[in-house]
Amino acid sequence: MAKEEYRIIEAEAVVPYELALGGTVSNFFDYLKEEKIMGKRCRKCSRVLVPPRSFCPRCFEEMDEWVEVGQEGVVETWVYINMPFYGQVIKVPYVSAQIRLDGSDSGLTHLIAGFDLTNVNKVREIVKLGGRVKAVWSKEKKGNILDIAYFEPVK
Amino acid sequence: MGRAVAVIGTGQTKHGRRPDVSYPDMVREVIMVALEDAGITLKDVDGVVHGTMPSMMEGVSSTHLYFAEAIGAVGKPIMKVETCGSTGQSIAHCGFFWVASGMADIVLVVGSEKMNEGDSQATMTTVFDPYFQRVFAAGAPGTFTMQCMEWMYRFKIPEDKGREAAAMVSVSNHDNAMDNPYAHIRMKVTMDDVKNSRIVTYPVRLLDVCPSSDGACAVIFASEEKAKKICKKPAWIKGVGFRGEESFFGESDKSIWPSATEAAQEAYRQAGIKDPLKELDVAEIYNPFTYQEMIFCECFGFCPRGEAPDYVLKGTFKKGGELPCCPSGGTLCTNPIGATGLIRLAETVLQVTGKAGARQVEGAKIALSHAMGGVDQFNGVTIVSSNL
């Protein structure tokens, strides 16, 4: 076939889902409504994981001890995203980051925001690896991860 | 290790944008090439292993069933293995296990992808857990960029030095792809071209990133008895390693990447390799991003942690260097994901059997291939040798 003759069929697969949260995730989101960030501690390895787990991924033991962690933490790494794609939830540009909250042994994925994000070079002056950030709460709580609106740099 | 296992044939499509063929026809194309290379027919094949990325990449569920006939699986046992980007190494290991176990003598392994038919970044974003990470994810670039930032920060690699070394990785891979007739992107680039290309996810720029490719690869595994009968110069599998880690990005240390490190150590242990930089002749690393190639060089023990940029800048991993990495141009220049990890293996097979054409590393006898997948989550490594 000549190039201009390549033909396609348009197709689409849209399927709605209802994904069960389970107890641990449900409780975590309920705590967010109270503006508390809770992790779970493994009795065997003593690590505190945020987001919390129903079982420790390394020890395979049940995690049943809730621990409140700080609303401030350290930026372990971050990325400036200015790349749109189908189904994207957050409007570009935005900064995604791994934040290790005080008292936690894992990084929480969330946004760093609260300032002008349009210029990456200006963003780099504000968002620092190893820098401290703190949670800013959404006024209206929906029982999901965006009940924390974003994290903002601590001045 | 079970029985000795050899690769007796490989095949690749011309990779790139392939609107000229339907997905099943593209897959059949590669099967024909591999069978001819091995000098066998479908009648000789005892079983077929296939792998891809998530089905929504191409919008057909269980693609291996929809083109079962195109992969030659009618009347034969069929297996599907899927571990995201590391699929190509997973299916190779599956073929190896099948023959090594003695349950099959000849196994056909096929990896394929048509990345240009859907929205690849949207598909990859659904690999993230739906509760915590997905809303913030941005496909592969988001994850890999966070990893490279974490690595540079951890080892105090100055940003300029990291940038310079990553640009050299890009130039080297693009130079190499010029020698590879199957490569998707075949163009010369300069250090300045890389450093001035468009920002994708800072500090990663367009020429630090692989393309979205359509393509397929097939590799035929055989027992020692069959290989010696059929093939003049087989490549022997000397070691395989595969490791996974947690699905939440923040739960493990991606700057030292445990799954990549341990997968290589396992493969080295089986192959009896103590000093990979000296003992390996060539490596085909899964490098969709330039910075990641450097992290892998450290995980695989090619250089001390945090020093990959120094080794890159002094030319250790270039063609003609002490350990050439990705003489094919790598994943950076060709990435039909479900096939990519298998292409890495096929390229090392070509190298140790002296069939790599213009991209041949002179006298290569032992080589490492690799792939990674998931949310920086899985790594697979295979060692092949010209000697049994």
Side-chain angles (χ1 to χ4, degrees), chain A residues 1-3 5-8 11-13 15 17 19 21-22 24-26 28-29 47 49-53 57-58 75-90 92 94-100 104-111 120-121 123-124 128-130 144-146, chain B residues 17-22 55-56 58-61 117-126 128-139 141-154 159 198-204 209 244-255 375:
Chain A
M1 266 196 300
K3 232 177 193 173
E5 290 173 11
Y6 296 157
R7 284 160 62 181
I8 57 162
E12 193 179 48
V15 184
Y17 296 90
L19 304 175
L21 295 181
T24 299
V25 180
S26 299
F28 176 75
F29 289 155
R47 290 187 309 151
L49 300 181
V50 181
R53 295 275 201 171
R58 295 192 191 160
V75 178
E76 292 188 316
T77 184
W78 62 278
V79 56
Y80 181 81
I81 294 161
N82 197 10
M83 172 191 79
F85 55 86
Y86 181 83
Q88 199 167 24
V89 176
I90 315 282
V92 293
Y94 60 95
V95 169
S96 275
Q98 295 296 326
I99 298 154
R100 186 172 294 227
S104 161
D105 294 302
S106 61
L108 172 71
T109 310
H110 217 291
L111 304 171
V120 66
N121 289 318
V123 170
R124 286 171 58 211
K128 299 284 185 197
L129 287 161
N144 63 38
I145 193 65
L146 289 171
Chain B
R17 280 186 177 269
R18 295 295 306 273
D20 57 313
V21 281
S22 70
S55 294
M56 66 186 87
E58 291 97 359
V60 179
S61 290
E117 296 193 343
D119 186 325
S120 55
Q121 296 314 318
T123 297
M124 282 192 257
T125 298
T126 64
F128 290 78
D129 89 87
Y131 316 120
F132 300 117
Q133 297 184 109
R134 192 180 295 173
V135 293
F136 310 120
T143 303
F144 300 158
T145 301
M146 280 207 277
Q147 183 184 25
C148 86
M149 296 272 274
E150 191 177 358
W151 167 69
M152 288 197 289
Y153 178 63
R154 161 67 79 90
E159 195 178 323
R198 176 170 68 76
I199 291 174
V200 176
T201 39
Y202 185 89
V204 171
V209 182
E245 51 196 79
E246 298 94 328
S247 65
F248 291 163
F249 184 93
E251 273 185 25
S252 58
D253 186 345
K254 303 301 183 192
S255 64
V375 184

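Protein chains get the first letters and strands the later ones, always in sequence-line order, with residue 1 at the start of each.
Heavy atoms of B/S247 lying under 4.5 Å from chain A belong to its backbone as well as its side chain. Contact of A/L146 with chain B is made through the side chain alone, with heavy-atom distances under 4.5 Å. For B/E159, the part lying near chain A is the side chain, with the backbone staying farther off; criterion is any non-hydrogen pair under 4.5 Å. Only the side chain of A/Y94 has a heavy atom closer than 4.5 Å to any heavy atom of chain B. Only the side chain of A/L49 comes within contact range of chain B, with at least one heavy atom under 4.5 Å from a heavy atom of that chain. Interface residue B/S252: backbone and side-chain heavy atoms are both found under 4.5 Å from chain A.
Side-chain contact between A/Y80 and B/T201: absent, with no pair of heavy atoms (C-beta onward) separated by less than 4.5 Å. With a 4.5 Å cut-off on side-chain heavy atoms, A/Q98 and B/E251 do not count as touching. In this structure, the side chains of B/V135 and A/I145 come closer than 4.5 Å at one or more pairs of heavy atoms. Side chains of A/S106 and B/F248 form no contact here, defined as non-hydrogen atoms less than 4.5 Å apart. Taking 4.5 Å as the limit, every side-chain heavy atom of A/E76 sits out of range of all side-chain heavy atoms of B/S255. In this structure, the side chains of B/I199 and A/N82 stay at 4.5 Å or more apart for every pair of heavy atoms.
For the set A/P51, A/S96, A/P57, A/A11, the entry with the most heavy-atom pairs within less than 4.5 Å of chain B is A/P51. Heavy-atom pairs under 4.5 Å with chain B peak, among A/L108, A/L111, A/V50, at A/L111. Chain B forms the most heavy-atom pairs under 4.5 Å with one residue out of A/D105, A/N144, A/V89, A/L129, and that residue is A/L129.
Atom CD in B/Q133 sits 12.0 Å away from atom NE2 in A/H110 (nearest 0.5 Å). A/Y86 OH to B/Q121 CD: the interatomic distance, rounded to the nearest 0.5 Å, is 15.5 Å.
Figure legend: cation-pi geometry between B/R18 and A/Y6 absent, as NZ or CZ is not positioned both under 6.0 Å from the six-membered ring centre and within 45° of its axis.
The nearest pair of heavy atoms linking A/V79 to B/G142 is CG1-O, 3.7 Å. Minimum heavy-atom separation, B/F136 to A/T109: CE1-O, 3.3 Å.
Taking the six-membered ring where the residue is Trp, the centroids of A/F28 and B/F132 are separated by under 6.0 Å.
One N or O on the side chain of A/T77 and one on the backbone of B/M146 form a donor-acceptor pair closer than 3.5 Å.
A salt bridge between B/E246 and A/R53 is absent, with no side-chain N of the basic residue lying under 4.0 Å from a carboxylate O of the acidic one.
Around the CZ atom of A/R58, the shell of radius 6.0 Å holds more than 12 heavy atoms that belong to other residues, nucleotides or ligands.
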